[in-house]
Amino acid sequence: MMTTLDQTGTPYRRGWFIVTLLLGTFTMSLSQSALSTAYPTLMHSFGLSADVIQWLTTGFMLVMCISMPISPWLLNNLSFPAMFTLALGMFDLGTLIIVAAPAAWGAAGFGIMMVGRILEAGGVGLLFPSYQTVLLEITPKDQRATTMGLAGLVMGSALACGPIVAGILLKMFAWQAVFIFFAVVITIVLLVARGGAIRDVLPRRQSELDWCSLVLLLGIIGLMLGIDQIGKPGVAWHWYGAGVLLSLAMLTGFTWRQFHLPQPVLELRVLLNFKYDLAILLTSLAYVALIVTTIIFPLYYQEVLHLSPFWSGLALVPGAALLSLLNPLTGRLADRLGFQPTLMLGMGLIAGGWLLAWWQVASGHLLPMIGAAMVIEGGNAFVMMPAVTLGANALPDALVAHGTAVITTFRQLIGSTGVAVMTLLLTQETQAAVHRGIALLPAAIGGYRQVCLVMLGLAGLGLLLAFGLREHRATI
């Protein structure tokens, strides 16, 4: 493996560094996709409803989105081995707390489990932007897309393997086995990292932490909670609406403060770069397509094709596997041919996948819909990581950490909004058709077709944005 120098001038194995980094990231990502498989078991064990258990995901997303913007400050003020240890240590401690949560205590035991889940989310939120920053920093610019393609392979594999790993463990053992598996792997990664595999590879630019900015950043919680309520019946919008307005005011204050602080927590001036903004839009549109696929397609399989939750989840595996396999190839393609043709091909595939889904949704056949999902997720491989690389290449090296944190946070927010809006559209279209006297099944099919049309329009917008891309380097 290639040997290079860290910040102290000491040689280290770059290959082992990347493997250790991606193994930790893979395990954390695996824990996200695996958890949904365990929901029925957890509901039975704790004696709680699906709405309560769902907070293991909702709460996780909220904390993760808050911790992501803090990662650039930590990268600039801690050595990377220290930050890596912090992120994995938080995840490991949280996982052990989850394992120890007594299911017999019911809601109280679930509360203990949520404490562990919050710690897990904090670790994931710190590491996800940081690992991308490190990979971009230690890789020459003409090889960045290939390296990020490898990262995409790891993340896509976690998406595909998570439900399978959890399903196997739950079939053989109690629910705690899923989390014990994560704890064991993360502990091994921590020991390898502390043994010298993870080195100090980033220059530091130390600054004071602005606590006021952190308080204002909590506005993300209110905003995402409001987004999560879109389309749900019986929502007290006079409270949620006030919370969203307060959250928007807090985030406005956070934005204003970052532009006026001499050393901001999160350098939002990256948003003044047009090519970087284009990268945010492209990766966010691709992410919306990916997340909506993983939510809407299983609903279609269960409601229209009457598949079990297990088989509807298994039907997503081919698309996730294709996404994993294509990521390294699309990275090399972007390095060789440029970003514009790669991104246009990706958005074209995403548009084609949604067109195929719109055409086949009324057929009632499983295989064409699996094929449509595969085309959409395959297209994502040509957009997601190449767009992140495009955004990083458009920024000075000193702002790459801030750029990856901003793009990752925006992607999560836009993805959550996209899922909420598409779910609302599906519900409203179906209910409106039923009120017009149409039977429930044809009404639901009409709702799914409307979702496909809107997603097709968003993919078309992405195709136009990619077409307008110019391959020169931009500056702040």
Side-chain angles (χ1 to χ4, degrees), residues 25 28-29 32-33 57 60-62 64-65 68-69 124-125 128-129 131-132 145 148-149 151-160 162 220 223-224 227-228 276-298 316 319-320 322-324 326-327 330-331 334 339 342-343 345-351 353-354 357 373-392 403-423 451-452 454-463 465-466:
T25 308
M28 288 184 171
S29 183
Q32 290 180 274
S33 62
T57 296
F60 186 95
M61 294 295 294
L62 292 175
M64 189 172 71
C65 280
M68 279 178 177
V124 171
F128 272 20
Y131 94 91
Q132 296 178 54
M148 294 304 289
L153 166 64
V154 171
M155 301 299 283
S157 299
L159 181 66
I220 289 180
L223 181 60
M224 290 193 67
I227 291 171
D228 188 58
Y276 175 81
D277 294 339
L278 195 62
I280 289 181
L281 289 173
L282 286 168
T283 193
S284 296
L285 287 172
Y287 189 67
V288 168
L290 178 63
I291 298 301
V292 170
T293 299
T294 60
I295 299 296
I296 296 298
F297 274 62
L316 290 178
L322 181 64
L323 173 64
S324 302
L326 285 179
N327 262 305
T330 60
F339 289 103
T342 304
L343 293 169
L345 175 59
M347 294 308 305
L349 285 171
I350 292 172
W354 284 113
M374 291 178 69
V375 175
I376 294 169
E377 296 194 45
N380 264 272
F382 291 85
V383 180
M384 191 84 72
M385 288 303 181
V388 172
T389 310
L390 169 70
T404 54
V406 170
I407 204 169
T408 308
T409 305
F410 266 83
R411 191 168 60 199
Q412 292 292 337
L413 289 172
I414 295 174
S416 298
T417 304
V419 169
V421 171
M422 291 304 107
T423 304
V451 170
C452 292
V454 173
M455 293 305 301
L456 175 60
L458 290 177
L461 173 62
L463 189 58
L465 292 173

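Minimum interatomic distance between Thr342 and Ala334 (heavy atoms only, all atoms of both residues): OG1-CA, 3.4 Å. In plain terms, the two heavy atoms of Leu323 and Glu377 that are nearest each other are CD1-O, 3.2 Å. Heavy-atom minimum distance, Leu282 versus Ala387: CB-CB, 4.2 Å. Across all their heavy atoms, Ile407 and Tyr276 have their closest contact at N-OH, 3.3 Å. Closest of all the heavy-atom pairs between Val383 and Ala286 is CG1-CB, 3.6 Å. Closest non-hydrogen pair, Ser284 versus Ile280, comes out as OG-O, 2.7 Å.
How far CG of Leu461 is from CG of Leu465: 4.5 Å, rounded to the nearest 0.5 Å. In this structure, the separation between CE on Met374 and CG on Leu349 is 12.0 Å, given to the nearest 0.5 Å. Here the OH-OG distance, from Tyr131 to Ser29, works out to 7.5 Å after rounding to the nearest 0.5 Å. Note that the CD1 atom of Ile220 and the CE atom of Met64 stand 11.0 Å from one another [nearest 0.5 Å]. Leu281 CG to Arg411 CZ: the interatomic distance, rounded to the nearest 0.5 Å, is 13.0 Å. If you take CG on Leu285 and CD1 on Ile350, they are separated by 8.5 Å, rounding to the nearest 0.5 Å.
Within the 4.5 Å cutoff, side-chain heavy atoms of Phe297 are placed close to those of Ile376. Here the side chains of Leu390 and Leu343 are in contact, with some heavy-atom distance below 4.5 Å. Within the 4.5 Å cutoff, the side chain of Val454 has no heavy atoms near those of the Trp354 side chain. Looking at heavy atoms from C-beta onward, Leu290 lies in side-chain contact with Met384 at the 4.5 angstrom threshold.
Between the side chain of Gln412 and the backbone N or O of Thr408 there is no donor-acceptor pair closer than 3.5 Å. Remark: side-chain polar atoms of Thr294 are paired, donor with acceptor, to backbone N or O of Ile291 under 3.5 angstrom. Side-chain atoms of Thr293 come within 3.5 Å of backbone atoms of Ala289 as a donor-acceptor pair (strictly under, hydrogens ignored).
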Report task. Determine, stepwise, if the pair Thr330 / Met385 fulfils side chain to side chain contact (heavy atoms under 4.5 Å, CB included). Result -> CA-CA 9 Å; Thr330 60; Met385 288 303 181; over 6 Å; no
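Summarising the local packing, OH of Tyr287 is surrounded by more than 12 heavy atoms from other residues, nucleotides or ligands at distances under 6.0 Å.
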